[in-house]
J.: 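Once you've had a glance at the structure underneath, I'll fire off some questions.
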Amino acid sequence: MASQDSTPVYGNYHGYYTKRPSIRDPRLALLPPTFFAGKHVLDIGCNEGWVTCEIAQSWGARRVVGVDIDDALVRAAWKRRRSLWSLQLPRAKAPREAEDGTTSKRIRLESESEFDDDPCDYFPMSCEQSHGPLSIPGNATGEHTFPHNVTFRTVDWVTEDSTSDECNYDVVLAFSITKWIHLNHGDDGIKKLFIRVHNNLKQGGVFILEPQAWDTYGKARRMDQRLKENAKGLKVRPDSFSDILQGLGFGPPQHLGSPGEGGFHRPVDLYIKK
């Protein structure tokens, strides 16, 4: 299990999203607004759960599961879930009827306020800092609404028992993790990742991949002697990932764009399971 004090040899950076700050993740912005609506989603290498929670809270996903190898990051993801719930605008109440059977304009405006258009940044964060986050109530509002539609799990998903593989997911995301899986588990490990993604996707399901370029492996190799030794045996290059995926039964990649800046300027590709 990776610890918070250890070198992030799995790419398990703590405070990662302070280096890549955004209210809405620009990689998700490459997708149509209804892309995740009603979908069952897996986020591999979820880190502190920013992307996972955004999909669950703002994109209408039915169910979102975030997995990460680092238990401290997973605990932070659960904390972020509760924090976002605390900041969220309360659900609007239905307009009340007056005694004469009409609904007053004032009451309608209370329920149809401008805040309903953006319910995820309503309550000041200073209140949470002063009094702590709000408790999450029971799921009377429905198990497929935020925050009940998102869960997190600590696991090395590549090496997890493959007998659990089944076509559960409509969408699988792998953002900025291929380099770390490749360096830790070798060519066989990166292929196993792609096989497991294929096995876990429903027919017609979508794999969204943000691969890291080969020239970025150097910094990671210098981070740890084991990674340096592992890198010597790598034959597969990121440029060939699309060939591997198509060989497994995915369609050709759809290149969505490269929205990041600086070291985060990476392509985001979409593959559909045939």
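Residues: numbered from 1 along the sequence shown.
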J.: Less than 4.5 Å apart, any side-chain heavy atom of Phe36 and any of Val171?
T.: yes
J.: Under a 3.5 Å distance rule, please check whether His255 uses its side chain to pair with a backbone N or O of Pro267 as donor and acceptor.
T.: no
J.: For Arg266 and Thr216, test the side chains for any donor-to-acceptor distance below 3.5 angstrom and give the result as yes or no.
T.: no
J.: Verify salt bridge (charged side-chain N to carboxylate O under 4.0 Å, His left out) between Asp71 and Arg75, making sure each step is shown before the conclusion.
T.: CA-CA 6 Å; Asp71 188 59; Arg75 291 197 303 270; 2.5 Å; yes
J.: Show, in sequence, the C-alpha distance, side-chain angles and deciding distance for Asn230 and His182, and conclude whether the side chain to side chain contact (heavy atoms under 4.5 Å, CB included) test is met.
T.: CA-CA 9 Å; Asn230 289 351; His182 205 181; over 6 Å; no
J.: When rounded to the nearest 0.5 angstrom, what distance separates CG in Asp43 from CZ in Phe152?
T.: 8.0 Å
J.: Within the 4.5 Å heavy-atom criterion, are Trp59 and Glu54 side-chain neighbours or not?
T.: yes
J.: Is there side-chain contact between Glu261 and Pro26, with at least one heavy-atom pair below 4.5 Å?
T.: no
J.: Do you know which two heavy atoms are closest between Arg221 and Ala231, and how far apart they sit?
T.: CD-CB, 2.9 Å
J.: Any side-chain heavy atom of Asp170 within less than 4.5 Å of one from Val206?
T.: no
J.: Could you tell me the separation between the CZ atom of Phe241 and the OG1 atom of Thr178, rounded to the nearest 0.5 Å?
T.: 5.0 Å
J.: What are the two closest heavy atoms between Gly251 and Lys274, and how far apart are they?
T.: N-CG, 3.8 Å
J.: Can Ile195 and Asn199 be said to form a side chain to side chain contact (heavy atoms under 4.5 Å, CB included), step by step?
T.: CA-CA 6 Å; Ile195 291 169; Asn199 290 345; 3.7 Å; yes
J.: Under the salt bridge (charged side-chain N to carboxylate O under 4.0 Å, His left out) criterion, do Lys232 and Glu229 qualify, and how do the steps go?
T.: CA-CA 5 Å; Lys232 295 177 181 179; Glu229 292 301 317; 3.2 Å; yes
J.: Would you say the side-chain atoms of Asp269 pair up with the backbone N or O of Leu209, donor to acceptor, closer than 3.5 Å?
T.: no
J.: Okay, side chain of Asn184, backbone of Val9: is any donor-acceptor separation there less than 3.5 Å?
T.: yes
J.: Tell me whether the rings of Tyr271 and Phe250 are parallel (<30°), tilted (30 to 60°) or perpendicular (>60°).
T.: perpendicular
J.: Do the side chains of Val150 and Gln57 get nearer than 4.5 Å, heavy atoms only?
T.: no
J.: Taking atom CD of Gln225 as the centre, does the number of heavy atoms from other residues, nucleotides or ligands within less than 6.0 Å exceed 12?
T.: yes
J.: Transitively linked via ILVMFWY side-chain contacts under 4.5 Å: Leu73 with Phe175?
T.: no
J.: Quick one: do Trp180 and Gln212 satisfy side chain to side chain contact (heavy atoms under 4.5 Å, CB included)? Show the steps, please.
T.: CA-CA 9 Å; Trp180 305 104; Gln212 292 139 301; 3.5 Å; yes
J.: Going from CD1 on Ile181 to CG on Leu193, what distance comes out if it is rounded to the nearest 0.5 angstrom?
T.: 4.5 Å
J.: Start with the C-alpha gap between Phe35 and Leu270, add the side-chain angles, then the distance that decides, and say whether side chain to side chain contact (heavy atoms under 4.5 Å, CB included) holds.
T.: CA-CA 12 Å; Phe35 183 81; Leu270 182 152; 4.0 Å; yes
J.: Mind checking whether Leu30 and Ile208 have side chains closer than 4.5 Å, heavy atoms only?
T.: no
J.: If we only count heavy atoms from C-beta on, is the Gln246 to Pro253 side-chain gap below 4.5 Å?
T.: yes
J.: Could you check whether any side-chain heavy atom of Lys228 comes within less than 4.5 Å of a side-chain heavy atom of Arg222, counting everything from C-beta outward?
T.: no
J.: Any idea which heavy atoms bring His265 and Gly260 closest together, and the distance?
T.: ND1-O, 2.8 Å
J.: Tell me whether Arg196 contacts the main-chain N or O of Trp157 through its side chain, where contact means a donor paired with an acceptor under 3.5 Å.
T.: yes
J.: Give me the atom names and distance for the closest heavy-atom approach of Ile177 to Gly45.
T.: CG2-CA, 4.0 Å
J.: Do the side chain of Asn149 and the main chain of Ala61 share a donor and acceptor less than 3.5 angstrom apart?
T.: yes
J.: Charged N to carboxylate O below 4.0 Å: is that the case for Asp25 and Arg27?
T.: yes
J.: Where is the tightest heavy-atom contact between Tyr217 and Pro238, given as atom of each residue plus distance?
T.: OH-CG, 3.7 Å
J.: Tell me whether the rings of Phe264 and Tyr16 are parallel (<30°), tilted (30 to 60°) or perpendicular (>60°).
T.: perpendicular
J.: Ignoring hydrogens and angles, tell me if any N or O in the side chain of Arg81 forms a donor-acceptor pair with the backbone of Pro147 under 3.5 Å.
T.: yes
J.: Nearest 0.5 Å, what's the CG-CG distance between Leu234 and Asp188?
T.: 10.5 Å
J.: How many angstroms lie between OG1 in Thr52 and CD1 in Ile55, if you round to the nearest 0.5 Å?
T.: 6.5 Å
J.: Looking only at heavy atoms, which two atoms of Ala220 and Leu227 are closest? And how far apart?
T.: O-CD1, 3.5 Å
J.: Is there a donor-acceptor contact under 3.5 Å from the side chain of Asp239 to the main chain of Arg237?
T.: no
J.: Can you tell me how far the CG atom of Asp187 sits from the NZ atom of Lys235, to the nearest 0.5 Å?
T.: 8.5 Å
J.: Pair His144, Arg62 - check side chain to side chain donor-acceptor pair (under 3.5 Å), show working.
T.: CA-CA 5 Å; His144 302 305; Arg62 180 179 177 85; 2.9 Å; yes
